[in-house]
Amino acid sequence: MSVRVRFAPSPTGALHIGGVRTALYNYLFARKNKGTFILRIEDTDQNRLVPGAEDYIIEALKWTGLIPDEGVGFGGDKGPYRQSDRKDLYKKYAEQLVEHGHAYYAFDTPEALDAQRQAEANFTYNHQTRDSLINSLTLPPNAVQAKLLAGEPHVIRLKVEPGQEIHIRDLIRGDVVFQSSELDDKVLLKADSMPTYHLANIVDDHLMGITHVIRGEEWLPSTAHHVLLYRGFGWTQTMPQFAHLPLILKPVGNGKLSKRDGAKFGIPVFPIAWQGDTPEDSFTGFREAGFLPQAVINFMALMGWHPGSDDEIFSLDELVRQFSIEHISKSGARFDYEKAKWFNQRYIQAATDAELAGHIRPLAEARGYRTDAAFLTSVATLMKERVTFLSDFVEQGYFLFEPVSAYDDAMAQKKWNPALQPVFEALIEMLDQTPAFDAASLEAAVKQFMQERGLKPGDIFSLLRLSLAGTMQGPAVFDMAELLGKADTVLRLRTALEYFNRVAGTTAP
RNA sequence: GGUCCGUUCGUCUAGGGGUUAGGACGCAUCCCUUUCACGGAUGAAACACGGGUUCGAUUCCCGUACGGACUACCA
């Protein structure tokens, strides 16, 4: 039987990085086994539904390259893939369970149950308490019929039989045992006749032929209920195998990573930006922070999984080849932003200058910079070894696009000497007369110029750098000069000369 | 509180009855380079604790501690 796995997010807002990793592992497992990767939208909670969240999920998957074979927005013949579009289906299955004695109607109101929980700290609806509650197990049949006919609000609950051991063979954790006596009678069908996650996920996984359920560790405790449902439906022969993924933890402190941690630590925790109703509910993403999707994928793949070798850099295809569930770790992984940055740096370095030019273009355009391919490619060449984010090309390297806006005063004061005035003027003049304005020729010319005057190259080099970039950081001076061209280079040197005189005048050494 | 899961350098992790406990990020030092980076080299840095089992446990078992998830008519 061919492998079919699903990524089943709930459209309640932006999908954070933990969700993307779950999608990634499902994708890798499907591809590795020549199987099918399905996107199913779990929108059975109408109260928590957020408009736009579904589109966000799809766009995020597309950005990361985790393209589903079937699902909302991707076609497929096992749909519909949006649970609200399958609403009518679930009631039938829930009632089938009632008929076979595996579930029952319950008429207790949410308020009544809340009151119970208030009165009794550890109250749960289970085999011990259901006899004293209002349901089709305690009410005479005709009373139940009367209530149903009268349209009284009710739910359908799973009837958990006590005294059984439920074994789950988790692909990551091995044998996990639950005592059914400890389990509560979970709601399967809500009063609005929408299914809960528990019912919908079993019915849909069965109908969609899902073979492996790869999901977050937070689902492990309710898996026993899910097994009971497969038994109740008589679907145990085709029950999927389970694999519960370790959680992704906060960068510092305790607990799992939450959407608020992004703002709290000043790091992205979403693949792409999310625009909420309020600023507090809006978040940036890795994409907007200047990450390459391949770097994000590579980073996430290694949060909880290892390839069995010392290699660190993997393309999506290589990940597919290497992936195996056995190499997924059991314990939670702390979100390590420094490592994410390192991956991005590596991917930028590995990218071709032409590719990088393509990524720089929209950033340059947004700032009104020139965007011709030849120039952007040169910018990529000069900057790629010294940036961490794509945005650094136009931010840290702004002086390649526009005049210097700020000089490093301390360095200028340290390196400038009024006695250098005539020399600097002569240097500008010399450069202005240089016929070949390429880096190698310029370097040779300047070195000869200094040699003739018995100057130490160090001082002049720093001043040239300051003149062209305003800072001591950046590409090789003559590479910058070549890219800037003669006119711009000479102009910058003249502007800088005025500046040097100014700082030297205002601040006595 | 109950149920379940987990615990190797600061972080991500490899390993597995006898190892100098390996790699990567980060950090430090040095080299390269008259900038910043890249790159290269070196270094500091870990088996939570207590009992077993064993000739020998970081590795297997049991406890304890700590951490986490779940405990809704949310997923």
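Side chains are part of it too, since the values below use all heavy atoms of this structure and drop only hydrogens, waters and symmetry mates. So you know, we letter chains A, B, ... as the sequences are listed, proteins then strands, and number each from 1.
The shortest distance between the side-chain N/O atoms of A:R21 and the OP1/OP2 oxygens of B:C12 is not below 4.0 Å. Using a 4.0 Å cut-off, no side-chain N or O of A:K414 falls inside it from OP1 or OP2 of B:U35. Contact annotation: A:H306 reaches the phosphate of B:A14 (side-chain N/O to OP1 or OP2, under 4.0 Å).
Near-neighbour residues of RNA chain B inside residues 380-407 of chain A, defined by a heavy atom below 4.0 Å, number-ordered: A:E385, A:R386. Residues from residues 218-231 of chain A lying near RNA chain B, meaning a heavy-atom separation below 4.0 Å, are A:E218, A:W219, A:L220, A:P221 in numerical order. The stretch residues 160-180 of chain A touches RNA chain B through A:R173, A:V176, A:V177, A:F178, each having a heavy atom under 4.0 angstrom from the strand.
Out of B:G68, B:C25, B:C74, the shortest distance to the side chain of A:N254 is found at B:G68. In the set B:U35, B:A24, B:U71, B:A24 carries the atom at the smallest distance from any side-chain atom of A:K339. Of the candidates B:A75, B:U13, B:A37, the closest approach to any side-chain atom of A:T44 belongs to B:A75. Nearest nucleotide to the A:R465 side chain, out of B:A69, B:C74, B:U35: B:U35. Out of B:G23, B:G68, B:C74, the shortest distance to the side chain of A:T196 is found at B:C74. If you check B:C70, B:C5, B:C73 against the side chain of A:K256, the one that comes closest is B:C70.
Under the 3.5 Å distance criterion, with hydrogens and angles disregarded, no donor-acceptor pair is assigned to the side chains of A:N135 and A:Y105. Using a 3.5 Å distance cut-off with no hydrogens or angles, the side chains of A:Y197 and A:D45 do not pair a donor with an acceptor.
Residues meeting the ring-ring contact (aromatic ring centres under 6.0 Å, His included) test with A:H167, sequence neighbours left out: none. With sequence neighbours left out, A:D488 forms a salt bridge (Lys or Arg N to Asp or Glu O under 4.0 Å) with A:R492. Residues satisfying the ring-ring contact (aromatic ring centres under 6.0 Å, His included) test with A:F283, not counting sequence neighbours, are A:F270. The ring-ring contact (aromatic ring centres under 6.0 Å, His included) test applied to A:H225 returns no partner, not counting sequence neighbours. Checked against ring-ring contact (aromatic ring centres under 6.0 Å, His included), A:F389 has the following partners two or more places apart in sequence or in another chain: A:F291.
Sequence order on RNA chain B of the closest nucleotides to A:L302 and A:V155 puts A:L302 first from the 5' end. Comparing A:S462 and A:Y197 along RNA chain B, the residue whose closest nucleotide (by nearest heavy atom) sits nearer the 5' end is A:S462.
Judged by distance alone, with hydrogens and angles left aside, A:R48 brings a side-chain donor or acceptor within reach of the base of B:C74, the pair sitting under 3.5 Å.
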Identify every side-chain donor-acceptor pair in residues 241-256 of chain A under 3.5 Å, counting partners at least two apart or on other chains, and give the distances.
{"from": "A:H244", "atom 1": "ND1", "to": "A:D170", "atom 2": "OD2", "distance (Å)": "2.7"}
{"from": "A:H244", "atom 1": "NE2", "to": "A:R215", "atom 2": "NH1", "distance (Å)": "3.1"}
{"from": "A:H244", "atom 1": "NE2", "to": "A:T223", "atom 2": "OG1", "distance (Å)": "3.1"}
{"from": "A:K250", "atom 1": "NZ", "to": "A:D261", "atom 2": "OD1", "distance (Å)": "3.1"}
{"from": "A:K250", "atom 1": "NZ", "to": "A:D261", "atom 2": "OD2", "distance (Å)": "3.0"}

Just distance, no hydrogens or angles: give the donor-acceptor pairs under 3.5 Å from side chains in residues 115-122 of chain A, sequence neighbours left out.
{"from": "A:R117", "atom 1": "NH1", "to": "A:D114", "atom 2": "OD1", "distance (Å)": "3.3"}

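Checking B:G26 for Watson-Crick or G-U wobble geometry (two distances, each under 3.5 Å) identifies no partner in any strand. Pair assignment for B:U54 gives none, since no Watson-Crick or G-U wobble pairing has each distance under 3.5 Å. When Watson-Crick and G-U wobble pairs are counted only if both distances are under 3.5 Å, B:A21 pairs with no nucleotide at all. For B:G67, the paired nucleotide is B:C5, the pair qualifying as Watson-Crick or G-U wobble because both relevant distances are below 3.5 Å. B:G39 is paired with B:C31 under the criterion used here, namely a Watson-Crick or G-U wobble arrangement in which both key atom distances are under 3.5 Å.
For the pair A:K341 NZ and B:A24 P, the interatomic distance rounds to 20 Å; values are reported in whole Å.
When the P atom is compared between B:A28 and B:C4, the two are found 46 Å apart, to the nearest whole Å. Rounded to a whole angstrom, the distance from the P atom of B:A41 to that of B:A48 is 31 Å.
Salt bridge A:D185/A:K159: absent, no basic N to carboxylate O contact under 4.0 Å. Using a cut-off of 4.0 Å between Lys/Arg side-chain N and Asp/Glu carboxylate O, A:R82 and A:E54 are scored as salt-bridged.
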Side chain to side chain donor-acceptor pair (under 3.5 Å) between A:D409 and A:Y499, worked out: CA-CA 10 Å; A:D409 290 341; A:Y499 160 78; 2.4 Å; yes
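The salt bridge (Lys or Arg N to Asp or Glu O under 4.0 Å) pairs that include a residue from residues 186-198 of chain A are A:D184-A:K186, where partners are two or more places apart or lie in different chains.
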Identify each atom pair where a protein N or O and an N or O of nucleotides 28-33 of chain B are less than 3.5 Å apart, giving names and distance.
none

